[in-house]
Amino acid sequence: MWNHRPIIIRIKRHENVHPFIQALHGQKIELKHVTFRDQEVTFETNMAYLSKIRRTRKRYKLKMTVHYADEMQVFRAQLWTVLGLIIMVIIPLLCAQVVWRIDVEADSPEIRQQIEKTFHETFQLETPMSKTKVPSDSMIRQQLLEKHRELAWVHIEKSGGRVVLRPQESPKQTEQKKEQLATHLVATKNGVITNFNIQHGERKVSVNDTAYDGDVLVSGVIDSGEDKVFVGAEGEVYADYWLESTFKIPTKITMETMQEKRWRVLITGVHGEVDYVQKKELPNWLDPYVSIVEEQQTQKMEVELDESKIESLLLPLLHEKMIRSLPSKTVIKKENLLQLKWGDGTVEGKVLFLVNENIASPIHALQGE
């Protein structure tokens, strides 16, 4: 029998007890700790012999009770216990290889809906699914940043069977309106053309062409027979180019993170002035006494950089620093660390950014040139 769980058998004292035990020995049934007391006889065996013991007991007309010897044990060395432990270990391991949910957490419902729509249209993933089918963080980030130029970064957090996307908006920048149309749009740097946003003018380059500093990208003067007609040039021409940057930052940094926004009721004379994001309009008779404002809480925390935080913290910091120095609508598609050196409480190195930027700059000349 496969079941060898230990049991204790108690038998009331009787003249047939000795012949009964001898019969068990004759059947080569394993008996342990045989104890004779005034009222009963006890011994230990295992479940594999229980059926033989019961048949022998009937022959000698004895009364007996059966008790498990391992009732107080947490782990029992039997088949079902081992199988249960194996299943208990395998199921979490299998579930850990599955992505059950992909969520987007954003500051506004509009951005969340846009990112969700773009993500599903781009990758067409259905949950639950294997983790091997989830694109890499860099691929997800690149696709979302290319299609949403208002974003500066997309934080990606993978925890258990959940993937969380947290888009971060670029700082708001005001652009000056052009008072007049330019004669041409020329390249301000070398790059590979990726896309256009032209309102006026004639393209002089195509997608995937390499443009060099000073090349005419869009002409505001077109030929009409023997004449030249000024139509003006206006728009944006985006190109990819590599930008190398050096950095040196302390390993211990203090970060200020945005917390969840919340509404607060302020009573004049009780609460002092507070900074707020927006304020609810109240009736004129109530406004002097009560204010309802939305606050943006922040939390400061000290973090120590190490090699385990390169992808999750160092690269986002370098990305954020670089994107703030570039024009609006610029996207950083990829970051490659070229050098990295730790020491004396600092980390320094070089990083190569793949930048997608509007390289078109207007030039003004006489209409007709």
Side-chain angles (χ1 to χ4, degrees), residues 108 110-111 114-115 117-118 121-122 141-154 167-245 318-336 351-369:
S108 66
E110 293 79 9
I111 295 178
Q114 292 173 8
I115 298 300
K117 181 179 179 182
T118 301
E121 289 179 350
T122 304
R141 189 175 293 118
Q142 177 180 338
Q143 293 293 328
L144 294 179
L145 291 177
E146 282 186 359
K147 296 177 181 179
H148 296 275
R149 295 187 175 271
E150 72 277 9
L151 300 180
W153 186 256
V154 178
Q168 179 181 339
E169 291 186 271
S170 301
K172 302 297 182 182
Q173 299 184 14
T174 57
E175 298 183 2
Q176 297 181 350
K177 294 184 178 179
K178 300 179 178 64
E179 296 181 355
Q180 61 181 9
L181 295 177
T183 305
H184 303 296
L185 298 180
V186 299
T188 57
K189 49 178 64 75
N190 303 340
V192 178
I193 305 300
T194 59
N195 58 290
F196 296 85
N197 181 20
I198 304 301
Q199 287 78 48
H200 298 279
E202 179 184 6
R203 298 182 186 179
K204 292 299 182 181
V205 292
S206 302
V207 174
N208 295 327
D209 286 352
T210 301
Y212 298 94
D213 187 8
D215 286 355
V216 176
L217 304 175
V218 179
S219 174
V221 179
I222 61 176
D223 295 327
S224 178
E226 297 181 355
D227 299 327
K228 294 183 179 295
V229 179
F230 177 81
V231 296
E234 181 182 10
E236 300 165 334
V237 182
Y238 290 91
D240 285 345
Y241 67 91
W242 289 99
L243 178 62
E244 184 178 303
S245 174
L318 298 175
H319 180 107
E320 183 70 18
K321 180 181 178 182
M322 178 57 66
I323 201 69
R324 288 179 179 274
S325 67
L326 297 172
S328 62
K329 298 185 179 180
T330 300
V331 171
I332 296 178
K333 292 184 173 181
K334 187 184 299 184
E335 306 88 10
N336 291 334
V351 61
L352 193 62
F353 296 98
L354 178 60
V355 179
N356 185 259
E357 180 188 332
N358 173 28
I359 65 171
S361 176
I363 61 171
H364 298 272
L366 296 176
Q367 296 183 10
E369 288 187 0

Out of V186, I193, D213, which residue meets the side chain to side chain contact (heavy atoms under 4.5 Å, CB included) rule with I359? I193

To check you understand the geometry: which heavy-atom pair defines the closest contact between T183 and A233, and what is its length? O-CB, 4.0 Å

Return the OH to CG distance between Y241 and N190, rounded to the nearest 0.5 Å. 11.0 Å

If the condition is side chain to side chain contact (heavy atoms under 4.5 Å, CB included), which residues does N197 pass it with, not counting sequence neighbours? Q199, E236

Are H319 and L145 close enough that some pair of their side-chain heavy atoms sits under 4.5 Å apart? yes

Listed partners of S219 passing side chain to side chain donor-acceptor pair (under 3.5 Å), at least two apart: H184

Distance-only donor-acceptor pairs under 3.5 Å for side chains of residues 201-210, two or more places apart:
residue, atom, partner, partner atom, Å
D209, OD2, S206, N, 2.8

Drop me the distance from E169's CD to L151's CG, to the nearest 0.5 angstrom. 7.0 Å

For Q168, all residues meeting side chain to side chain contact (heavy atoms under 4.5 Å, CB included), sequence neighbours excluded: W153, H155, E320

Under the side chain to side chain donor-acceptor pair (under 3.5 Å) rule, collect the residues that match up with N358, sequence neighbours excluded. none

Does L243 reach the side chain of E357, with side-chain heavy atoms less than 4.5 Å apart? no

What residues form a side chain to side chain contact (heavy atoms under 4.5 Å, CB included) with K333, not counting sequence neighbours? Q142, E146, T194, D240, V331, L354, N356

When rounded to the nearest 0.5 angstrom, what distance separates CG in L185 from CD1 in I198? 6.0 Å

I'd like to check the salt bridge (Lys or Arg N to Asp or Glu O under 4.0 Å) partners of K334; sequence neighbours left out, ordered by chain and number. none

Among residues at least two apart in sequence or on other chains, which ones pass side chain to side chain donor-acceptor pair (under 3.5 Å) with T122? K147

Please name the pair of heavy atoms, one in S361 and one in T188, separated by the smallest distance, quoted to 0.1 Å. CB-CG2, 3.2 Å

Tell me every residue that passes side chain to side chain donor-acceptor pair (under 3.5 Å) with T118, counting only those two or more places apart in sequence or in another chain. H148

List for me each residue that meets salt bridge (Lys or Arg N to Asp or Glu O under 4.0 Å) alongside E335, sequence neighbours excluded, and say none if there are none. none

Sorted by chain and number, sequence neighbours left out, side chain to side chain contact (heavy atoms under 4.5 Å, CB included) with E244 holds for L338, K350, L352

About how many Å separate CG of N336 and CH2 of W242, when rounded to the nearest 0.5 Å? 5.0 Å

Do V231 and H200 have side chains that approach each other closer than 4.5 Å (heavy atoms only, starting at C-beta)? no

Specify the closest pair of heavy atoms between F353 and L318, including all atoms of both residues, with the distance to one decimal. CZ-O, 3.8 Å

Sequence neighbours excluded, which residues qualify as salt bridge (Lys or Arg N to Asp or Glu O under 4.0 Å) partners of E110? none

I111 versus P167, closest heavy-atom pair with distance: CG2-CG, 4.0 Å

